[in-house]
Amino acid sequence: MSIVNIDVTLRDGGYRNGFNFPLDYALRHARLSVESGFDWVEIAYRKGSLLPVPNIGLTGRGDDEFIAAVAREIGANKVAMILHPKNIDDHDLPAMYAAGARLVRVILPSKGYERGLEYIRQAKDIGFNVGVNFARISQWVGRDIVEVATAATDAGAEFVYLADSNGSLSPVDTTDLTTLTKSVTGGPVGLHAHNNLGLALSNAISAVAAGATWMDSSIQGMGKGPGNLIAEQWLAHLDRTDAEAAARLRLGPALELADLLLATVPEGTPSLPLPDLVLGRYDLPVEHRNDLLGCHREGIATARTLSTVR
């Protein structure tokens with residue numbers, strides 16, 4: 001089975017450092033990522049993440065100049081972007097394509113997703129490879145997955161990503177969601193795993209066993225909260241279990257990239273903030289982290305209450 005791998009370190013890792021990756025590091029990162037065998041390097045949000053971030057850095061803005069610099073470094077056919085429809089206008093997708101991006105993922109909510117469909121159609125007409133991300137998939141109900149996946153596919157989305165934004169999924173959950181989504185679209189399904197409960201690798205393996213063929217990971221797992229599927233572990237797993245993947249993946253450069261990240265970006269050091277473990281346990285988004293600070297017993301009681309009222 002051929003797995004399409006996306007390196008999301010520069011984008012999702014930005015939650016750790018305000019998206020303030022230096023340009024020279026981002027270019028070196030992208031080059032080593034491609035050498036490691038990643039199919040795509042997702043380099044930035046376009047015009048910000050879900051919530052406004054003051055003084056957002058390079059990989060949170062996704063400016064045209066940055067896209068062009070990375071495209072010159074690794075080739076346009078490796079450059080991916082992601083966006084929230086509410087943050088862009090009709091000029092952004094043409095500008096991104098002209099600058100050198102060739103894959104775009106549109107983040108869709110379970111309700112009020114119609115604007116995103118318009119951008120999917122526009123991106124397809126321009127020539128992008130186009131996919132969608134279903135954020136906080138652990139909180140979606142089945143009928144919404146069916147409705148939005150069908151609408152997105154009809155609009156031209158080529159693949160659907162299940163984003164475990166809260167880090168709450170189990171391997172069984174992941175299997176069920178992957179199976180459902182594939183049954184609806186008949187097309188490729190991907191997983192964006194977070195590691196709040198230490199299950200990112202298990203969930204990735206379960207997703208692939210259920211038919212997923214796209215996978216996100218990040219170097220040293222650098223990402224929001226406790227981070228994402230750890231790229232080095234994932235590549236090592238594929239190298240051992242998937243002959244087709246092993247033929248084009250190179251673990252050595254990925255480990256060199258991990259050393260570079262740790263030496264250059266202090267926030268890249270793996271960590272498990274204890275409130276994020278609680279967020280994962282109670283399927284709560286990162287916006288509730290501050291509600292759980294302080295006494296752990298009180299934090300758990302608060303999380304339990306919050307989980308019953310959403």
Side-chain angles (χ1 to χ4, degrees), residues 1-6 8 11 39-40 42 45-50 62 76-77 79-98 101-166 169 173-193 203 206-216:
M1 179 184 297
S2 179
I3 305 297
V4 179
N5 286 292
I6 303 181
V8 298
R11 189 270 297 184
D39 299 281
W40 297 95
E42 188 171 80
Y45 280 108
R46 180 68 168 191
K47 294 184 174 177
S49 59
L50 177 61
N77 64 341
V79 179
M81 295 283 291
I82 194 168
L83 58 85
H84 286 278
K86 67 181 180 64
N87 293 344
I88 70 166
D89 59 37
D90 291 344
H91 302 288
D92 283 290
L93 286 166
M96 290 161 56
Y97 192 88
R102 291 296 180 269
L103 183 146
V104 64
R105 296 198 283 183
V106 179
I107 300 171
L108 296 182
S110 58
K111 305 294 183 185
Y113 55 83
E114 291 77 12
R115 185 175 181 182
L117 300 182
E118 296 175 7
Y119 287 128
I120 292 169
R121 297 185 187 100
Q122 184 189 25
K124 284 292 292 182
D125 289 343
I126 292 168
F128 275 105
N129 299 284
V130 186
V132 293
N133 268 36
F134 292 172
R136 299 177 181 175
I137 192 63
S138 56
Q139 295 184 348
W140 287 46
V141 297
R143 64 178 177 274
D144 289 340
I145 294 174
V146 171
E147 177 183 329
V148 185
T150 300
T153 302
D154 289 346
E158 301 161 32
F159 55 89
V160 175
Y161 253 86
L162 307 174
D164 183 19
S165 311
N166 296 347
L169 294 183
D173 298 329
T174 304
T175 296
D176 291 345
L177 290 167
T178 303
T179 301
L180 172 62
T181 308
K182 278 190 65 66
S183 72
V184 172
T185 68
V189 175
L191 178 69
H192 176 87
N203 288 340
S206 295
V208 170
T213 53
W214 287 66
M215 191 64 61
D216 286 3

Check: Ser165 and Ile137 side chains under 4.5 Å, non-hydrogen atoms: no
Has Gln122 got a side-chain atom pairing as donor or acceptor with Asp90's backbone, closer than 3.5 angstrom? yes
Do you know which two heavy atoms are closest between Ser110 and Val148, and how far apart they sit? O-CG2, 3.8 Å
Quick one: pull up NZ in Lys124 and CZ in Arg121 and give me the separation to the nearest 0.5 Å. 13.0 Å
Does Met81 reach the side chain of Leu103, with side-chain heavy atoms less than 4.5 Å apart? no
Smallest heavy-atom separation, Ala123 atom then Val104 atom, equals CB-CG1, 3.9 Å
Determine whether a donor-acceptor pair (N or O, by modelled atom type, separation under 3.5 Å) exists between the side chain of Asn203 and the backbone of Leu169. yes
Please check this pair: side chain of Thr153 against backbone of Thr150, looking for a donor-acceptor N/O pair closer than 3.5 Å. no
Could you tell me which non-hydrogen atom of Glu158 sits nearest to which non-hydrogen atom of Asn129, and how far apart they are? OE2-CA, 3.5 Å
Backbone N or O of Ala135 within a donor-acceptor pair of the Asn133 side chain at under 3.5 Å? no
My understanding is that only residues two or more places apart in sequence, or in another chain, count here; which of them pass side chain to side chain donor-acceptor pair (under 3.5 Å) with Glu114? none
Does a salt bridge link Asp216 with Arg105, judged by any charged N lying under 4.0 Å from a carboxylate O? yes
Is the backbone of Gly48 close enough, under 3.5 Å, to the side chain of Asn87 for a donor and an acceptor to pair up by distance? yes
Side chain Glu42, main chain Ala80, donor-acceptor under 3.5 Å: no
Kindly indicate whether the side chain of Leu191, heavy atoms from C-beta on, has any atom under 4.5 Å from the side chain of Thr174. yes
Hey, is the main chain of Ile88 close enough, under 3.5 Å, to the side chain of Tyr119 for a donor-acceptor pair? yes
Arg46 and Ile82: side-chain contact (heavy atoms from CB on, under 4.5 Å), yes or no, with the steps? CA-CA 6 Å; Arg46 180 68 168 191; Ile82 194 168; over 6 Å; no
As an exercise, state the distance from CD1 of Ile145 to CG of Leu162, rounded to the nearest 0.5 Å. 6.5 Å
Is any side-chain heavy atom of Val79 closer than 4.5 Å to one of Arg102? no
State, to 0.1 Å, how close Ile120 and Ala155 come at their nearest heavy-atom pair, and which atoms those are. CG2-O, 3.6 Å
Could you check whether any side-chain heavy atom of Asn166 comes within less than 4.5 Å of a side-chain heavy atom of Gln139, counting everything from C-beta outward? yes
Heavy atoms of Ala212 and Ile3 approach each other most closely as O-CD1, 3.8 Å
Indicate yes or no for a side-chain donor-acceptor contact from Lys86 to the backbone of Leu50 under 3.5 Å, with no hydrogens or angles considered. yes
Just so I know, are the side chains of Val4 and Thr213 near enough to count as touching, which here means a heavy-atom distance under 4.5 Å? no
What are the two closest heavy atoms between Pro85 and Gly116, and how far apart are they? CG-CA, 3.6 Å
Using the ring-ring contact (aromatic ring centres under 6.0 Å, His included) criterion, which residues pair with Phe159? Sequence neighbours excluded. Tyr161, Trp214
Hey, can you tell me if Tyr45 and His84 have their rings parallel, tilted or perpendicular (30° and 60° cut-offs)? parallel
To the nearest 0.5 Å, what is the distance between CG (Asn77) and CH2 (Trp40)? 6.5 Å
Measure the shortest side-chain to side-chain distance between Met96 and Phe128 over non-hydrogen atoms and say whether it is less than 4.5 angstrom. yes
Quick one: CE on Met215 to CD1 on Ile6, what's the gap to the nearest 0.5 Å? 10.5 Å
Counting C-beta onward and ignoring hydrogens, is there a side-chain heavy-atom pair between Asp173 and Ser138 closer than 4.5 Å? no
Do Arg136 and Asp164 meet the salt-bridge criterion of a basic N to acidic O distance under 4.0 Å? no
